[in-house]
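Just so it is clear: chains get the letters A, B, ... in the order the sequence lines come, proteins before strands, and each one is counted from 1.
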Amino acid sequence: MQYWLVKSEPDAWSWDEQVKVGKKGTAWTGVRNHTAKLNMMKMKKGDRAFFYHSNVGKEIVGIVEIVKEAYPDPTDASAKFFCVDVAALAPLQQPVTLAAIKADKRLTEMALLKQSRLSVQPVTAAEWKLICKIGGAE
DNA sequence: GCCAACGTTGGC
DNA sequence: GCCAACGTTGGC
């Protein structure tokens, strides 16, 4: 199983909205960056991703599961980009903020810090475990 | 194919 | 609101 992190501005699509659509999930559309696209194409059904609120909040608020693997993004007229379907799995008891990640020496290599503009990025197993622990997810 | 100009993201 | 990072566009 691979781990990921996906970003969304809560004004555009928030964790609360993601929870409301339930287990069936919804299409993670609108990614218009090829590095992010390539990451999405590597995702497998059952992989998990942190849901990060960019700009407003700047914190990891929950965990989603990939419920459908990459397919052409229906919102992309050029048909160059892809999307996946994700479903909310569990919230973090305690959101893990960007500040907290920066302050933790074990997390300084995270793509979130090194490539702040990349909206879909991989997370290592070690990073995943640690953030789950800090965030109070089982 | 290079590179300057420009647009967008996202933290501060 | 500003600005750094960085991707994209368009002229040459």
Side-chain angles (χ1 to χ4, degrees):
Chain A
M1 150 136 48
Q2 286 270 95
Y3 299 107
W4 311 93
L5 181 146
V6 295
K7 289 193 212 174
S8 181
E9 292 195 37
D11 291 342
W13 180 254
S14 70
W15 171 251
D16 285 347
E17 290 172 280
Q18 185 70 59
V19 168
K20 275 183 200 151
V21 301
K23 286 199 167 86
K24 279 201 69 178
T26 189
W28 194 264
T29 57
V31 173
R32 298 290 182 268
N33 172 286
H34 292 287
T35 306
K37 179 186 84 168
L38 290 174
N39 284 333
M40 285 202 293
M41 293 182 82
K42 289 182 203 157
M43 290 178 174
K44 297 279 186 241
K45 198 174 171 183
D47 279 0
R48 293 177 180 188
F50 287 127
F51 191 110
Y52 176 80
H53 275 169
S54 61
N55 258 312
V56 180
K58 283 169 282 177
E59 57 193 8
I60 296 169
V61 288
I63 296 170
V64 293
E65 183 174 354
I66 310 307
V67 294
K68 187 174 176 186
E69 293 177 15
Y71 60 98
D73 184 338
T75 69
D76 172 32
S78 71
K80 283 183 191 160
F81 292 98
F82 284 69
C83 62
V84 295
D85 283 4
V86 302
L89 198 65
L92 295 192
Q93 300 303 316
Q94 188 69 42
V96 178
T97 64
L98 182 64
I101 291 167
K102 280 189 171 174
D104 195 311
K105 289 193 188 111
R106 295 164 294 183
L107 297 173
T108 52
E109 292 299 309
M110 279 193 77
L112 187 64
L113 304 184
K114 301 199 131 186
Q115 275 172 277
S116 63
R117 288 188 51 192
L118 185 59
S119 61
V120 180
Q121 44 186 260
V123 172
T124 68
E127 290 161 353
W128 183 269
K129 276 180 91 170
L130 186 56
I131 290 169
C132 285
K133 199 174 168 192
I134 298 168
E138 98 317 325

query: Angle, rounded to 10°, between the helical axes spanning five pairs at each terminus of the helix from B:dG1-C:dC12 to B:dC12-C:dG1?
result: 10°
- prompt: Does any pair with a residue in residues 11-30 of chain A pass salt bridge (charged side-chain N to carboxylate O under 4.0 Å, His left out), and if so which ones, sequence neighbours excluded?
  reply: none
field: Residue list, side chain to side chain donor-acceptor pair (under 3.5 Å) with A:D47, at least two apart or on another chain
entry: A:W4
Ring pair (Phe, Tyr, Trp, His ring centres under 6.0 Å): pairs with one or both residues in residues 94-129 of chain A, sequence neighbours excluded: A:Y3-A:W128, A:F50-A:W128
statement: Applying side chain to side chain donor-acceptor pair (under 3.5 Å) to A:R106 and not counting sequence neighbours gives A:D104
field: For A:F82, all residues meeting ring-ring contact (aromatic ring centres under 6.0 Å, His included), sequence neighbours excluded
entry: none
field: Derivation of the side chain to side chain contact (heavy atoms under 4.5 Å, CB included) call for A:Q2 and A:K44
entry: CA-CA 8 Å; A:Q2 286 270 95; A:K44 297 279 186 241; over 6 Å; no
statement: The complete set of salt bridge (charged side-chain N to carboxylate O under 4.0 Å, His left out) pairs with one or both residues in residues 92-101 of chain A, sequence neighbours excluded, reads none
- request: Under 4.0 Å from any atom of DNA chain B, heavy atoms only: list the residues of residues 101-120 of chain A that qualify, in numerical order.
  value: A:K102, A:S116, A:R117
Table please: side-chain donor-acceptor pairs of residues 51-61 of chain A below 3.5 Å, with sequence neighbours left out.
{"unit_1": "A:H53", "atom_1": "NE2", "unit_2": "A:W15", "atom_2": "N", "d": "3.0"}
{"unit_1": "A:N55", "atom_1": "ND2", "unit_2": "A:E9", "atom_2": "OE2", "d": "3.4"}

field: All side chain to side chain donor-acceptor pair (under 3.5 Å) counterparts of A:N33, not counting sequence neighbours
entry: none
field: Where at least one partner belongs to residues 108-134 of chain A, residue pairs that pass salt bridge (charged side-chain N to carboxylate O under 4.0 Å, His left out), sequence neighbours excluded
entry: A:E109-A:K114
task: Tell me, please, the opening and closing nucleotides of DNA chain C, 5' to 3', among those with an atom under 4.0 angstrom from a non-hydrogen atom of chain A.
output: C:dA5 to C:dT8
